[in-house]
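Numbers restart at 1 for each chain; the letters A, B, ... are given by sequence-line order, proteins then strands. All values below were derived from every heavy atom in this structure, side-chain atoms included, with hydrogens, water molecules and symmetry-related copies excluded.
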There are 2 protein chains.
Amino acid sequence: MTRRPRQTVALTADLVILTIREGVLCVLVVERGNEPFAGRLALPGGFLRGEESLDETAARELAEETGLDAADLHLQQVGVYSAPDRDPRQRVVTCAYLAIAPNLPLPSAGSDARAAHWLPVDEVRRSGLAFDHDEILRDAVELARAELQFRTIATAFCADEFTIGELREVYEAVWGVELDKPNFHRKVTESAGFVEATGEKRPSPNGRPAALYRAGGAVTLSPPMMRPRS
Amino acid sequence: MTRRPRQTVALTADLVILTIREGVLCVLVVERGNEPFAGRLALPGGFLRGEESLDETAARELAEETGLDAADLHLQQVGVYSAPDRDPRQRVVTCAYLAIAPNLPLPSAGSDARAAHWLPVDEVRRSGLAFDHDEILRDAVELARAELQFRTIATAFCADEFTIGELREVYEAVWGVELDKPNFHRKVTESAGFVEATGEKRPSPNGRPAALYRAGGAVTLSPPMMRPRS
DNA sequence: TAAATAGTGTCTATAAGACAATATTGC
DNA sequence: GCAATATTGTCTTATAGACACTATTTA
């Protein structure tokens, strides 16, 4: 049995933090200060530390970038990206995470020196990201799109209290479709555990005030919220 | 900016290879020869090599364990397991993969010296696996269960040509339920791109011969094959 | 013929989708 | 009142599920 030297590699957690701003799906990107790809946009991320798991790395980075506690947010693995040449300097394997955030007041610069921005996903797709982050972003958005069908994660895009109309805008922004308002309202309010009414109403400048809801206890949606066939 | 030494870790790909034998969902496990956990059962897996990605590591291990080409099989990431103490010897982070195989003639021992067995998943769950492989197995099976609803991967459990009854047995074994034969037949054959008839029939020792089908071109199932709420 | 498995028909309950109608606010 | 948004009602169509029934084989 020939024993070859066992390779060790550097590990990072990269974050695809999504939110919705003015009805547009946006992702948090940072400007790179150092080579390689200096000046280019990239996903936030950081190296694994000795005492933590990658999930903890992701949670720590999320807190540093957004100031939010990962316990409050939806945070899940997207996948591992391990092409040998994905980082030109050295071998780095990354685990990508999808985080879903409500509309934050600002991308608080945090303790990190890099400039962070919310940019529309479509725009980022056109301009491109450093490393293999285009691929990661694509996969993460596709995951979010799929999960909206079967899980209650849409509420993670909303503040603690939200209207059914706001929840509908989440689906419309992520899926890039228009949904029928009356049918959506019924489906959501009749789906057990998806949302629960607070009893309060939010006044509106234009029309009838909308009832406020909180996220319900359910994790999965059954029956699923089917995405209209293109 | 304090620069802490950047940790590097060993990376492995571990495989949850599922198949169905006599109507029972089975997983390929190996007996460990070395410490730690010598003599215990574990999932097959191996270390990342310098020139390859983790997906390639997984495909290589799969070929070594089953003799099958990963190109023919369903192989997908389950997730990353990176708890600092998951391997008592050293820091090892693993990426778990789910592979779905048709009923193979034998778990060909392959070039690897370890003894490989197909064991029922329920049995393995009771007896337990080395490391955190119980958790990995649980997650992989749960992933397979969920994917059966929305993707056409059930055909990966079948040989090139199969009957609708065999496909139904896949769902019944993985979900642990009984499905209505007439309704299943209709649903599968009417779902665009799920299966395509070969025109052949397979004689049966007992009753009417069943028509043979091949996997169709579709990847996703719409509408989904809903799992009965138990 | 009976036994066994494959496959079809049919009815009912539930959910999806279109869209009209009503409700509640600010102006 | 009108404009705007929220919510409810109603009808049509699609799908799910139960289950009776027919079809094709071996013994």
Side-chain angles (χ1 to χ4, degrees), chain A residues 22-23 148-150 154 158 161-172 175 177-214 218 220-230, chain B residues 22-23 148-150 154 158 161-172 175 177-214 218 220-230:
Chain A
E22 295 161 14
L148 277 191
Q149 295 189 96
F150 312 115
C158 299
E161 302 198 336
F162 52 86
T163 68
I164 301 296
E166 288 169 344
L167 192 63
R168 183 172 41 77
E169 285 166 5
V170 169
Y171 278 90
E172 293 180 333
W175 284 351
V177 298
E178 268 200 38
L179 299 177
D180 182 88
K181 298 180 195 187
N183 291 336
F184 183 88
H185 187 281
R186 216 189 339 258
K187 174 129 193 182
V188 166
T189 52
E190 289 174 4
S191 174
F194 194 0
V195 298
E196 56 187 31
T198 66
E200 311 280 300
K201 287 185 190 301
R202 170 180 304 165
S204 135
N206 299 343
R208 172 175 171 177
L212 286 172
Y213 293 82
R214 262 189 299 271
T220 57
L221 277 179
S222 67
M225 180 78 59
M226 289 311 284
R227 190 172 167 185
R229 7 180 167 281
S230 59
Chain B
E22 295 161 15
L148 276 191
Q149 295 190 96
F150 312 116
C158 300
E161 301 198 337
F162 52 86
T163 69
I164 301 297
E166 289 169 344
L167 192 63
R168 181 173 41 76
E169 284 166 6
V170 169
Y171 278 91
E172 293 181 335
W175 283 353
V177 298
E178 268 200 40
L179 300 176
D180 183 87
K181 298 180 195 190
N183 290 336
F184 183 87
H185 188 284
R186 219 189 337 259
K187 174 129 193 186
V188 166
T189 51
E190 288 174 4
S191 175
F194 194 0
V195 298
E196 57 187 29
T198 67
E200 311 279 300
K201 285 185 191 302
R202 169 181 304 167
S204 132
N206 300 343
R208 171 173 170 178
L212 286 172
Y213 293 82
R214 264 189 298 272
T220 56
L221 277 179
S222 67
M225 179 80 57
M226 290 311 283
R227 190 170 167 185
R229 22 178 161 278
S230 57

Within residues 183-203 of chain B, those residues having any heavy atom closer than 4.0 Å to DNA chain D are B/N183, B/R186, B/K187
Shortest non-hydrogen pair, B/E161 vs B/R214, comes out as OE2-NH1, 3.6 Å
B/K181 NZ to D/dG17 P, in whole Å, measures 18 Å
Rounded to the nearest 0.5 Å, the NE2 atom of A/H185 sits from the CD atom of A/E190 at a distance of 10.0 Å
Across all chains, not counting sequence neighbours, the side chain to side chain contact (heavy atoms under 4.5 Å, CB included) partners of B/F184 are B/I164, B/L167, B/R168, B/Y171, B/L179, B/V188, B/M225
Here the gap from A/K187 atom NZ to A/D180 atom CG, rounded to the nearest 0.5 Å, amounts to 12.5 Å
Item checked: B/M226 and A/P224, any side-chain heavy atoms less than 4.5 Å apart -> yes
*Min side-chain heavy-atom separation A/Y213-A/E166 under 4.5 Å*: no
Whole-Å distance, B/R208 CZ to D/dA27 P, equals 18 Å
DNA chain D nearest-nucleotide lookup for A/P209 and B/D180: closer to the 5′ end is A/P209
With the side chain defined as heavy atoms from C-beta on, A/P223 is closest, among C/dA16, C/dT24, D/dA6, to C/dA16
Separation of D/dG17 atom P from B/E178 atom CD, nearest Å, is 15 Å
Rounded to whole Å, the CG-P distance (A/L167 to D/dA6) equals 13 Å
On DNA chain D, more 5' by nearest nucleotide between B/P182 and A/I164 is A/I164
In whole angstroms, the gap separating P of C/dA16 from CG of A/L179 amounts to 13 Å
Does C/dT5 have OP1 or OP2 sitting under 4.0 Å from an N or O in the side chain of B/N206?
-> yes
